[in-house]
Amino acid sequence: MLIDDLKERLINNLDVSRDISDEEIRAVISDMVMSEYAGTKTSVKEKMRISRELFNAIRGMDILQELLEDGEITEIMVNGYRDIFVEKGGRIYRHKGSFTSLRKLEDIVQSVAARANKRVNESSPVMDARLDDGSRINIVLEPVAIGGPVITIRKFPEKAIDMEKLISLGSVTQEAADFLKQLVRQRYNIFISGGTGTGKTTLLNALSGYIPAEERIITIEDSAELQLINAENLVRLECRTKNAEGENAVNIRDLIRTSLRMRPDRIIVGEVRGAEALDMLQAMNTGHEGSISTGHGNSVQDMFSRLEVMALMAGEKIPVSAIRRQIASAIDIMIHLERMRNGERCLVDISQIEGIQEDSIITSALFEMKRDDKGQYRELVRTDKSIIRQKGDLVT
């Protein structure tokens with residue numbers, strides 16, 4: 001193909017012995033395209049497309065660059081160099097394009113790793129990182145990925161989605177949003193659960209818009225992706241992986257403990273996945289009210305079980321009953337999100353934790369998504385008008 005030949009010639013013509021600016025590369029590309037297509041009927045629009053593709057092959061992420069720039073695409077999935085899938089409007093489609101070769105895909109992988117100051121190879125075949133635009137990227141190489149390199153990119157909007165936008169999308173009702181606003185303002189500890197891609201981070205960002213601007217917020221994430229709204233006194237902490245010698249890693253547990261010495265008004269843990277669950281619960285139980293976190297779970301009760309298991313992973317030899325009491329004491333409100341069959345993401349449950357009864361965590365639903373006769377979700381309704389425990393000044 002002519003475009004592949006142009007890419008190869010472009011790479012050979014560039015002086016890689018020095019740092020070349022984007023402007024210089026664009027100038028070389030412009031001259032090459034003008035010369036190659038002189039005297040042809042190729043339109044200006046087509047020439048611009050070819051020039052953009054050539055630039056992306058050198059400075060961007062090759063064929064993935066146009067997908068990253070497409071505002072309607074929310075997820076990009078690369079299964080080897082031939083197969084690319086995208087999520088758009090909540091549905092997954094096969095992309096018509098592909099990488100020209102396995103080597104080109106491997107070059108992109110190493111370029112991403114270098115920009116993120118991380119290493120990914122056969123001895124360390126899994127990597128999580130963040131792209132320049134804030135998108136989250138996961139890379140898995142052989143021998144773990146049998147069919148070749150696998151790349152998964154979760155894109156985030158340039159501007160954080162606020163609660164008004166979620167209401168307009170039908171993800172949250174106005175009544176539920178007003179209620180959540182009071183919960184955040186009154187400093188309830190909130191935990192958001194849901195499956196992959198249900199909008200946990202999006203809702204957390206929206207809830208942050210209700211936190212008073214004067215409060216000091218510490219965010220803790222494995223890979224920084226939160227876009228807190230209107231936060232002024234904000235400290236963002238991100239984990240660090242091991243270096244080449246396998247040392248100097250900084251994990252979420254380390255960051256949670258450090259954050260307690262940073263005078264936080266609220267601690268926000270982007271997502272708990274392991275032993276850090278115990279530290280999160282202890283932080284919530286040591287006077288840091290109004291903290292928020294998220295986790296993967298299929299329901300509110302399932303999330304409790306997962307928190308117990310994750311807390312046990314800390315290896316502190318704490319009885320399950322004690323962990324259960326920590327959960328009931330630390331978390332005031334559980335919010336659960338689900339993804340509908342049509343791809344929409346919706347809030348389906350807001351529950352308060354009442355306490356422990358016969359060694360079980362007791363909850364009561366405040367808002368619940370009702371189902372129709374066919375078992376399909378229909379609408380989110382207020383199910384309990386009582387005043388929530390602990391903070392009696394909450395108006396309901």
Side-chain angles (χ1 to χ4, degrees), residues 1-12 14 16 25 29 49-156 195-198 201 222-223 225 241-242 244 271 273 296 339 343:
M1 294 176 62
L2 178 58
I3 189 69
D4 295 332
D5 293 338
L6 289 176
K7 289 180 183 179
E8 185 174 351
R9 284 165 49 193
L10 175 62
I11 294 173
N12 293 333
L14 291 175
V16 295
I25 293 176
I29 291 174
R49 185 195 66 78
I50 294 170
S51 297
R52 185 167 58 251
E53 185 173 338
L54 289 172
F55 181 81
N56 289 339
I58 302 299
R59 275 290 196 258
M61 293 185 67
D62 201 68
I63 193 171
L64 299 184
Q65 191 65 40
E66 62 179 286
L67 304 181
L68 287 168
E69 295 171 357
D70 188 334
E72 296 183 359
I73 292 176
T74 54
E75 196 111 20
I76 303 169
M77 294 151 277
V78 180
N79 305 341
Y81 77 93
R82 293 188 182 92
D83 300 320
I84 300 176
F85 297 83
V86 299
E87 181 187 62
K88 183 182 293 190
R91 298 184 180 276
I92 296 177
Y93 305 91
R94 177 187 284 274
H95 182 57
K96 61 182 179 180
S98 64
F99 286 93
T100 56
S101 66
L102 175 60
R103 180 180 176 181
K104 185 58 187 178
L105 175 55
E106 291 173 339
D107 288 344
I108 293 297
V109 166
Q110 294 307 321
S111 175
V112 171
R115 288 202 295 267
N117 197 27
K118 294 189 177 183
R119 177 178 297 183
V120 59
N121 49 41
E122 285 188 5
S123 61
S124 181
V126 179
M127 186 193 82
D128 288 298
R130 187 178 68 254
L131 299 179
D132 295 338
D133 65 355
S135 299
R136 183 178 68 198
I137 182 169
N138 170 265
I139 297 174
V140 183
L141 302 183
E142 293 180 311
V144 176
I146 298 173
V150 175
I151 299 177
T152 309
I153 301 174
R154 170 71 61 84
K155 292 175 57 183
F156 297 97
T196 301
T198 53
T201 301
D222 184 35
S223 181
E225 58 190 48
T241 56
K242 298 177 182 178
E271 181 180 332
R273 302 176 182 175
H296 281 81
R339 191 169 182 167

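Side-chain atoms are counted along with the backbone in the values below, which use heavy atoms only and exclude waters and symmetry mates.
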Is the shortest heavy-atom distance from the side chain of Tyr93 to the side chain of Lys88 under 4.5 Å? yes
With a 4.5 Å heavy-atom cut-off, do His296 and Glu271 have their side chains touching? yes
So salt bridge (Lys or Arg N to Asp or Glu O under 4.0 Å) across residues 146-156, not counting sequence neighbours, yields Glu75-Arg154
What's the separation between atom CD in Glu142 and atom CG in Leu102, rounded to the nearest 0.5 Å? 7.0 Å
Does a side-chain heavy-atom distance below 4.5 Å link Ile73 with Leu68? no
Residue list, salt bridge (charged side-chain N to carboxylate O under 4.0 Å, His left out) with Arg52, at least two apart or on another chain: none
Tested for side-chain contact (heavy atoms from CB on, under 4.5 Å) against Met77, the lone hit among Ile92, Val150, Ile84 is Ile92
For residues Ala129 and Lys118, report the shortest heavy-atom separation together with the two atoms involved. CA-NZ, 4.0 Å
Any side-chain heavy-atom pair of Leu105 and Ile151 under 4.5 Å: yes
Closest approach of Val144 to Val140 (non-hydrogen atoms, all atoms of both residues): CG1-CG1, 3.6 Å
If you measure from OG on Ser98 to CG on Asn79, what distance do you get to the nearest 0.5 Å? 12.5 Å
If I take atom CD1 from residue Ile137 and atom CG from residue Leu64, how far apart are they, to the nearest 0.5 angstrom? 8.0 Å
Find the distance between CG (Asp222) and CZ (Arg130) and round it off to the nearest 0.5 Å. 11.0 Å
How close do Ser135 and Ile153 get, counting heavy atoms only, and between which atoms? CB-CG2, 3.9 Å
Sorted by chain and number, sequence neighbours left out, salt bridge (charged side-chain N to carboxylate O under 4.0 Å, His left out) with Asp83 holds for Arg94
Non-hydrogen atoms of Gly197 and Arg339 that approach each other most closely: O-NH1, 3.7 Å
Rounded to the nearest 0.5 angstrom, the CZ-CD1 distance for Phe85 and Ile76 is 13.5 Å
How far apart are the C-alpha atoms of Val126 and Asn138, what are their side-chain angles, what is the distance that settles it, and do they pass the side chain to side chain contact (heavy atoms under 4.5 Å, CB included) test? CA-CA 7 Å; Val126 179; Asn138 170 265; 4.3 Å; yes
About how many Å separate CE of Met61 and CD1 of Ile108, when rounded to the nearest 0.5 Å? 6.0 Å
Looking at every non-hydrogen atom in both residues, tell me the closest pair between Lys104 and Phe99 and how far apart they are. CG-CD2, 4.1 Å
